[in-house]
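What follows is a single structure, written as structure tokens, with notes after it.
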Amino acid sequence: MDDALPVNRPSALRHGRTALAVSFFAQGALFAMLVTRIPAIQDRYGISDGLLPVFLAAVPILAGVGSVGTEQLVKRVRPSVVLRWVQPVVGLVLAGLGAGDRMWTAAVTLALFGVCVGGLDASMNMLGVSLQREYGQSIMLGFHASYSLGGIVGASLAWAGAHWHVSLLSLYGPAVLVLIPLTLTASRWYRDAQPQDVAHPAGADVRAPDAPAADVPASGEGTSADADGAGASGGRQVVMRLLMPLCLVMAFAYIGDSTVSNWSAKYLQDTLHSSEQLSTVPYAVYMVTTLIGRSVGDFGVRRFGAVPVVRLGTVVAMAGFAVVAVAPGAWVGMLGFTLLGLGLCVIVPQTFAAAGRLFPEASDSAIARLNIFNYVGFLVGSPLVGALGDAWSYRGAMVVPMVLVGATLVYARSFAAGPAGYGVGHERPRTVDVG
């Protein structure tokens, strides 16, 4: 079937896709408004430089706890229910952070923010993976493109707030008043995994002449997962030995991402001797190229499969770190950060999708566990680069995330569609990866 031919899908499926994209957008905006205003939060609450890292580290740690809790919670309620109610709480907590002025308020609100974000990230990606399964083609990158767009909007609002000296409550309050009703309205159309969502919709093309017939995760050594009590792609329980390559890829990707978000401005200003104004540009460029890459990435996955797209993204990201490390000046350094955005942007969405394929009957649990390594990478990346930069050099420090992200090439086959496909054995011998 020609990819250009339209596929008629139920309106509930299309509405569910749009609704979830709204949720990703809102989360991107809320998170960006928090992280880009950390200095203002520190000043408002009088948090010392020594205590600030403790507060910042607590958020991803508690987010991991929230992701673990969500794995257990979705055994009793649907992921859409978790997402519907935890997302407004995230907004309210952010508004509370902007309204308070005592240290205990900062501690409580940031702790609640961390736990709720863990549940929010996990449940959003659970719904994304199940929707992609119903669609029978790659749409996961589009959801994360919505997140990137929200991040750009949120960061822009935060910049405007800082520029015009708007208080945190005046910044967060109106945003929350818009986003909470928006997400609650969209939640009416959230679509959970359907009983038969392992099957492709009628008319969905799953063939590809160049796709391997029996690609399986490299770490699984064929279907040796049977020794652990579950098949590589069909068991009802998550086998961590099989999931671990994807967990490592997730952590390495976020080490790369946190390097850009936390160190790009300092690197450009201190190492490449840019102006203070110019040093703020790389992260904005990184966010825009992330949005562009994710917006077109699904088409690449549908055409070529997930494995080639992930490999290409990894190589581009490695090239970006290399350019940053050897850049003679600021403008070449910004070229490196541009490449990083284009390369890293495809890895995380495809990692979630691959986990869903690997454990089609336990995808919610697999995604909740995989999501923990999002926060592991975020927690490790910034201190790692900072310590290496202080002890060695920041140019040399850029080589470390380059090598770690490059390890994705070793695990690239974990992104391939196995012969069991979605666990029902209905697919043709030669299939395209739809992750």
Side-chain angles (χ1 to χ4, degrees), residues 9-34 63 66-97 109 112-135 139-154 157 172-197 201 294 349 352-353 356 363-365 367-368 371 374:
R9 293 185 170 86
S11 59
L13 195 59
R14 290 183 277 110
H15 292 161
R17 180 180 181 181
T18 302
L20 188 59
V22 169
S23 179
F24 270 87
F25 171 86
Q27 169 59 355
L30 291 172
F31 190 77
M33 283 191 287
L34 171 68
S67 190
V68 171
T70 302
E71 178 185 358
Q72 302 305 315
L73 188 58
V74 296
K75 295 176 181 177
R76 296 168 175 80
V77 298
R78 299 186 304 276
S80 64
V81 175
V82 177
L83 179 57
R84 176 178 296 120
W85 297 115
V86 78
Q87 192 153 42
V89 173
V90 169
L92 292 173
V93 167
L94 189 63
L97 181 64
T109 52
L112 284 173
F113 188 89
V115 172
C116 292
V117 161
L120 180 56
D121 288 345
S123 57
M124 279 196 313
N125 284 288
M126 289 172 186
L127 291 180
V129 167
S130 64
L131 269 171
Q132 176 168 281
R133 187 177 293 129
E134 282 195 272
Y135 258 77
I139 59 173
M140 197 68 181
L141 277 155
F143 294 131
H144 285 259
S146 296
Y147 182 94
S148 296
L149 179 60
I152 292 171
V153 171
L157 290 173
Y172 294 156
V176 168
L177 287 176
V178 171
L179 292 175
I180 288 181
L182 180 65
T183 54
L184 283 175
T185 301
S187 71
R188 296 175 56 193
W189 290 279
Y190 289 161
R191 185 173 176 87
D192 291 284
Q194 303 301 300
Q196 299 300 321
D197 74 352
R294 287 173 171 174
F352 280 119
S363 64
D364 288 350
S365 292
I367 289 163
N371 189 52
N374 161 353

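None of the values given here were measured: they were computed from a predicted structure.
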Which pair of heavy atoms, one from [X] and one from [Y], lies closest together, and at what distance?
X	Y	answer
Trp189	Ala19	CB-CB, 3.9 Å
Ser67	Ala368	OG-O, 2.6 Å
Phe113	Val90	CE1-CG1, 3.6 Å
Leu131	Gly16	CD1-O, 3.7 Å
Asp364	Pro79	OD2-CG, 3.6 Å
Pro181	Val176	CD-O, 3.9 Å

Quiz item: With side chains defined as the heavy atoms from C-beta onward, is the minimum distance between Val93 and Leu97 less than 4.5 Å?
Solution: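 A side-chain contact under 4.5 Å is absent here.
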
So, does [X] use its side chain to make a donor-acceptor pair with the main chain of [Y] at under 3.5 Å?
X	Y	answer
Ser148	His144	yes
Asn125	Asp121	yes
Arg17	Gln132	no
Arg84	Ser187	yes
Tyr147	Ser23	no
Arg76	Gln72	yes

Exercise. Enter the distance from Leu20:CG to Ser130:OG here, rounded to the nearest 0.5 Å.
Key: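 With rounding to 0.5 Å, CG (Leu20) is 8.0 Å from OG (Ser130).
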
Self-check item: Candidate pair Ser80 and Leu127, rule side chain to side chain contact (heavy atoms under 4.5 Å, CB included), full reasoning
Solution: CA-CA 7 Å; Ser80 64; Leu127 291 180; 4.3 Å; yes

Quiz item: How far apart are the C-alpha atoms of Trp85 and Leu184, what are their side-chain angles, what is the distance that settles it, and do they pass the side chain to side chain contact (heavy atoms under 4.5 Å, CB included) test?
Solution: CA-CA 8 Å; Trp85 297 115; Leu184 283 175; 4.2 Å; yes

Quiz item: Under 4.0 Å between a Lys/Arg side-chain N and an Asp/Glu carboxylate O for Glu134 and Arg9?
Solution: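 Not counted as a salt bridge, because no side-chain N and carboxylate O are separated by less than 4.0 Å.
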
Quiz item: Excluding sequence neighbours, so at least two apart, what forms side chain to side chain donor-acceptor pair (under 3.5 Å) with Thr183?
Solution: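 Scan of Thr183 (side chain to side chain donor-acceptor pair (under 3.5 Å), adjacent residues dropped) gives none.
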
